[in-house]
Engineer: 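Below is the structure I would like to discuss, written out as structure tokens.
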Amino acid sequence: MKYMLLAYTNHEAWAAATREWTTTGQMPAEVAAACAFFAELGQELVASGEFVATEGLADPTHSRTVRPSAGAPVATDGPFAESKDVLVSYGIVDCATPERATEIAARVVAATGDTVEVRPLMNQNGEL
């Protein structure tokens with residue numbers, strides 16, 4: 001079964017780390033630690049055959065949201081909802097059980113402090 005792991009983090013903290021990196025040219029220690037963790041986890045999931053895909057996402061200020069409107073869809077700048085937490089990355093894993101997908105997500109939470117949503121993916125027939 002495939003699961004999408006959606007990672008959310010505090011936007012203000014993320015923006016501060018990005019500013020520090022851009023300003024000093026030095027990767028902040030917490031960012032370096034997270035990168036090392038994800039590299040190790042990625043190698044483990046590739047070796048176990050559970051890795052499918054993962055990507056980081058750009059800052060939400062680069063987002064566009066398309067909503068229904070009378071007549072035609074309307075696109076607006078920015079994410080769907082205003083909140084202090086933003087979606088920063090996703091990963092897709094192929095696990096034998098939902099408990100295993102949750103275990104992987106818990107490791108991400110423990111290493112980064114982010115919130116991770118674990119959501120099953122449907123197949124082409126709309127089934128879990």
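This is a predicted model, so every value here is computed, not measured.
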Engineer: Indicate the atoms forming the closest heavy-atom contact of Ala34 with Thr112, along with that distance.
Structural biologist: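 The pair with the smallest heavy-atom distance is CB-CG2, 4.3 Å.
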Engineer: To the nearest 0.5 Å, what is the distance between CZ on Arg19 and OG1 on Thr24?
Structural biologist: 12.5 Å
Engineer: Let me confirm one number: the CZ-OH distance from Arg119 to Tyr3, rounded to the nearest 0.5 Å.
Structural biologist: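 Those atoms lie 13.5 Å apart.
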Engineer: Run the side chain to side chain contact (heavy atoms under 4.5 Å, CB included) check on Leu45 and Ile104 step by step: do they pass?
Structural biologist: CA-CA 9 Å; Leu45 295 176; Ile104 294 167; 3.6 Å; yes
Engineer: Supply the atom-to-atom distance Met122 CE to Met1 CE, rounded to the nearest 0.5 angstrom.
Structural biologist: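 One gets 9.5 Å once the value is rounded to the nearest 0.5 Å.
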Engineer: How far does OG1 of Thr54 sit from CZ of Phe38, to the nearest 0.5 angstrom?
Structural biologist: 7.5 Å
Engineer: Check this for me: Glu12, atom CD, are more than 12 non-hydrogen atoms of other residues, nucleotides or ligands nearer than 6.0 Å?
Structural biologist: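 Incorrect, the count does not exceed 12.
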Engineer: Who else is in the cluster with Leu57 when I, L, V, M, F, W and Y are joined by side-chain contacts under 4.5 Å?
Structural biologist: Met4, Leu6, Tyr8, Val52, Leu87, Tyr90, Ile92, Leu121
Engineer: Taking all heavy atoms of Trp21 and all of Pro28, pick out the closest pair and write down the distance.
Structural biologist: CB-CD, 3.9 Å
Engineer: For the residue pair Ser89 and Gly56, what are the closest heavy atoms and their distance?
Structural biologist: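 Smallest interatomic distance, heavy atoms only, reads CB-CA, 3.8 Å.
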Engineer: Please report the interatomic distance CD(Glu44) to CZ(Arg107), rounded to the nearest 0.5 Å.
Structural biologist: 4.0 Å
Engineer: Where is the tightest heavy-atom contact between Met27 and Val31, given as atom of each residue plus distance?
Structural biologist: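 Result for this residue pair: CG-CG1, 3.6 Å.
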Engineer: I need the Glu30 CD to Cys35 SG distance, nearest 0.5 Å.
Structural biologist: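 Reported value, rounded in 0.5 Å steps: 10.5 Å.
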Engineer: So which atom in Trp14 and which in Thr9 form the shortest heavy-atom distance, rounded to 0.1 Å?
Structural biologist: CB-CG2, 4.0 Å
